[in-house]
Amino acid sequence: MWTEDSLRGLINERLGDHPFVVVSYREPYVHTFEGRKIQCISPPSGLATALDPLMRASQGLWIACGTGEADGMVVDEESKIGVPPQNPEYTLKRIWLSHDEERGFYWGFSNEALWPLCHIAFASPVFNEGDWNIYKAVNRLFADAVMAEVGSQKALVFIQDYHFALLPRLLKQLNPELIVAQFWHIPWPNHEVFRICPWHEEIVDGLLGNDLLGFHIQYHCFNFLETVDRSLESRIDRENSVVVRGGERTLVKPFPISVDTELLSKNAESPEVEEEIERVVDEYDLEGKCIGIGVDRIDYTKGIPERLKALDRLWEKYPEEKEKVVFVQLGAPSRMRSGGYWGINDRISRMVEDINWKYGTRTWKPIIYLRGNNSPTMLAAFRHIAHFCIVSSLHDGMNLVAKEYISSKTDEDGVLILSEFTGAAKELRDALEINPYDTGDFTQKIVTAIHMDPQERRERMIRLREQVKENNIYTWGSNIVSEILSLKGD
Ligand code: GDG
């Protein structure tokens with residue numbers, strides 16, 4: 001089983017003195033103001049959650065956009081800061097984007113074009129040429145930032161996600177000695193879908209600048225290879241999952257991402273979380289109730305309205321469940337500057353209000369909706385006490401919430417209801433699988449979760465816990481880092 005120490009050992013032993021650089025849009029630590037004081041928070045992002053332990057083990061350099069209002073006040077003259085702030089183990093270098101750059105690169109092309117294009121959630125992508133030009137310019141800006149750090153050295157650059165599809169090719173042109181790898185955290189759709197992007201060939205060519213390209217699951221790798229095959233001149237060695245283009249090779253492989261299972265389990269039993277459990281049970285009147293939870297970045301891909309529809313059907317069809325079951329939806333507002341997200345926020349609030357109005361009584365509120373950047377302690381408390389957790393994404397690369405829930409159930413007692421359209425569903429076979437669009441079956445699965453025999457509940461949870469224990473974030477880190485290190489060839 002991989003641990004933080006064994007990953008650190010692997011990196012120390014095999015990295016040698018090659019610099020290790022991670023590039024992402026999202027930074028792992030954000031500095032903001034609380035009144036006049038500066039505070040440091042960890043953003044609610046799956047990517048940051050997953051990569052922070054890997055960086056702590058490698059002690060490398062992470063280049064990301066500075067997005068916090070106080071970010072500029074805590075860095076040195078090179079825009080760098082040691083993190084985690086209490087006990088620095090690696091360096092964060094912040095890149096500053098202008099409003100126009102942020103608008104075109106992040107809000108525009110990344111989140112209004114690529115995000116809906118790659119997720120099959122029936123939201124139309126917006127392809128704006130101005131945004132595309134800014135996306136290209138910001139990818140060049142990051143290429144320059146990496147080069148300023150590594151120069152002509154043989155460094156290892158590990159790029160994150162869909163914000164940087166063009167960066168690998170740019171880096172290889174600037175320094176052919178670099179080993180470049182990228183992990184694509186979201187799904188890759190089939191060619192029929194991807195080719196509607198007017199610039200799909202440039203995107204695919206940019207990604208083929210990578211020596212290694214990782215996705216969560218094999219299916220996304222196949223879709224990518226099919227897209228390459230049908231868009232560009234290249235040779236595909238399907239047996240070894242390698243694309244050869246212009247004499248250069250790109251290995252395409254699945255690496256299912258995970259969480260720090262051990263740390264989450266330990267936290268679940270900490271005195272801080274125990275105290276928080278007492279507080280939330282008291283504040284939300286949860287004593288003796290069957291508690292269900294949902295924990296999401298509020299995003300139209302997460303299937304939150306579909307989940308509320310199934311809960312509505314539950315209390316309509318099974319009135320005996322009234323007063324007994326409480327569902328707590330924790331939601332972190334996300335991408336609120338993008339018009340596409342206002343609708344989903346309004347829709348969820350209206351649905352929650354409607355359900356509470358229809359079924360609620362003076363002594364019972366069916367749905368408790370906690371919208372905000374909820375603290376990690378509060379999330380841990382709810383995960384620990386929840387009898388069931390619902391993950392109902394319409395499409396999701398992996399979904400870390402499912403694995404966080406399992407990791408927090410140290411009492412081995414709880415049921416995970418999981419959408420078949422998540423990458424996580426490929427591994428977590430002991431979850432109750434749902435199709436979020438099939439409201440009738442979804443409701444039935446909630447009923448099954450509420451009434452599951454305690455023995456079966458425990459057996460399923462034990463097997464789920466074994467799965468995430470073995471395939472934890474350090475397993476992901478070790479597999480992908482071993483593959484990157486083996487590309488270095490010395
Ligand atoms: C992308 C891919 C892939 C949620 N609400 C709050 C909060 N969260 C945390 C969760 C979890 C994270 O945010 C969300 O992770 P997910 O994996 O569910 O989703 P994305 O953000 O869409 O991540 C996804 C992931 O990258 C990693 O590759 O799994 O498929 O879409 O950690 O706990 N955190 C806090 N307050 C909240 O209210 N603090």
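In this text, all values refer to a predicted model and were calculated from it rather than measured experimentally. One-based numbering, in listed order, for ligands and for the atoms of each.
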Under 3.5 Å, N or O to N or O, is Glu404 touching ligand 1 that way?
yes
To the nearest 0.5 Å, what is the distance between NZ (Lys266) and CG (Asp260)?
9.0 Å
Using 4.0 Å as the upper bound for N to carboxylate O, is an ion pair formed by Glu202 and Arg169?
no
Just jot down the ligand 1 atoms closer than 4.0 angstrom to any heavy atom of Ala332, in number order.
5 (N), 6 (C), 37 (C), 38 (O)
Counting heavy atoms only, name the option from Asn373, Leu379, Thr422, Asn399 that's nearest to atom 18 (O) of ligand 1.
Asn399
Could an N or O of ligand 1 be found under 3.5 Å from any N or O of Arg383, whether backbone or side chain?
no
Tell me which part of Ile257 gets within contact of ligand 1: side chain, backbone, both or neither, using heavy atoms under 4.0 Å.
side chain
I want to know if ligand 1 touches Asn374 in the polar sense, i.e. an N/O pair below 3.5 angstrom.
yes
Could Glu306 and Lys309 be called an ion pair, given the rule that one side-chain N must be under 4.0 Å from one carboxylate O?
no
Less than 3.5 Å apart, which donor and acceptor atoms pair up between the side chains of residues 214-223 and the rest of the protein, not counting sequence neighbours?
residue	atom	partner	partner atom	Å
His216	NE2	His185	O	3.0
Asn223	ND2	Trp188	O	2.8

Under a 3.5 Å threshold, yes or no: a donor from one side chain and an acceptor from the other, between Tyr341 and Arg335?
yes
Considering the heavy atoms of Gly397, write down every atom of ligand 1 situated less than 4.0 Å from one of them.
30 (O)
Are a donor atom and an acceptor atom from the side chains of Asn111 and Tyr162 found within less than 3.5 Å of each other?
yes
Min heavy-atom dist Gly372 to ligand 1 below 4.0 Å
yes
Before signing off on this row, confirm whether Gly331 and ligand 1 have an N or O atom pair separated by under 3.5 Å.
no
Suppose I only count heavy atoms of Arg297 and a 4.0 Å limit; which atoms of ligand 1 are within that range?
4 (C), 20 (P), 21 (O), 22 (O)
Please work out whether the ring planes of Phe109 and Phe127 are parallel, tilted or perpendicular, with thresholds of 30° and 60°.
tilted
Measure up the His163 and Tyr25 rings against each other and bin them: parallel (under 30°), tilted (30 to 60°), perpendicular (over 60°).
tilted
Short N/O distance, under 3.5 Å, between Met398 and ligand 1?
yes
Here the salt bridge (Lys or Arg N to Asp or Glu O under 4.0 Å) pairs for residues 206-216, sequence neighbours left out, are Lys172-Asp211
Distance under 6.0 Å and angle within 45° of ring axis: Arg94 vs Trp62:
no
Say whether His216 and ligand 1 are in contact under the criterion: heavy-atom distance to a ligand atom below 4.0 Å.
yes
Would you kindly specify which portion of Trp115 sits under 4.0 Å from ligand 1, judged on non-hydrogen atoms: side chain, backbone, both or neither?
side chain
Polar proximity ligand 1 side, Val295 side, N/O cut 3.5 Å exclusive
no
Pick from Val259, Ile41, Asp396, Asp296: the one approaching atom 31 (O) of ligand 1 most closely through a non-hydrogen atom
Asp396
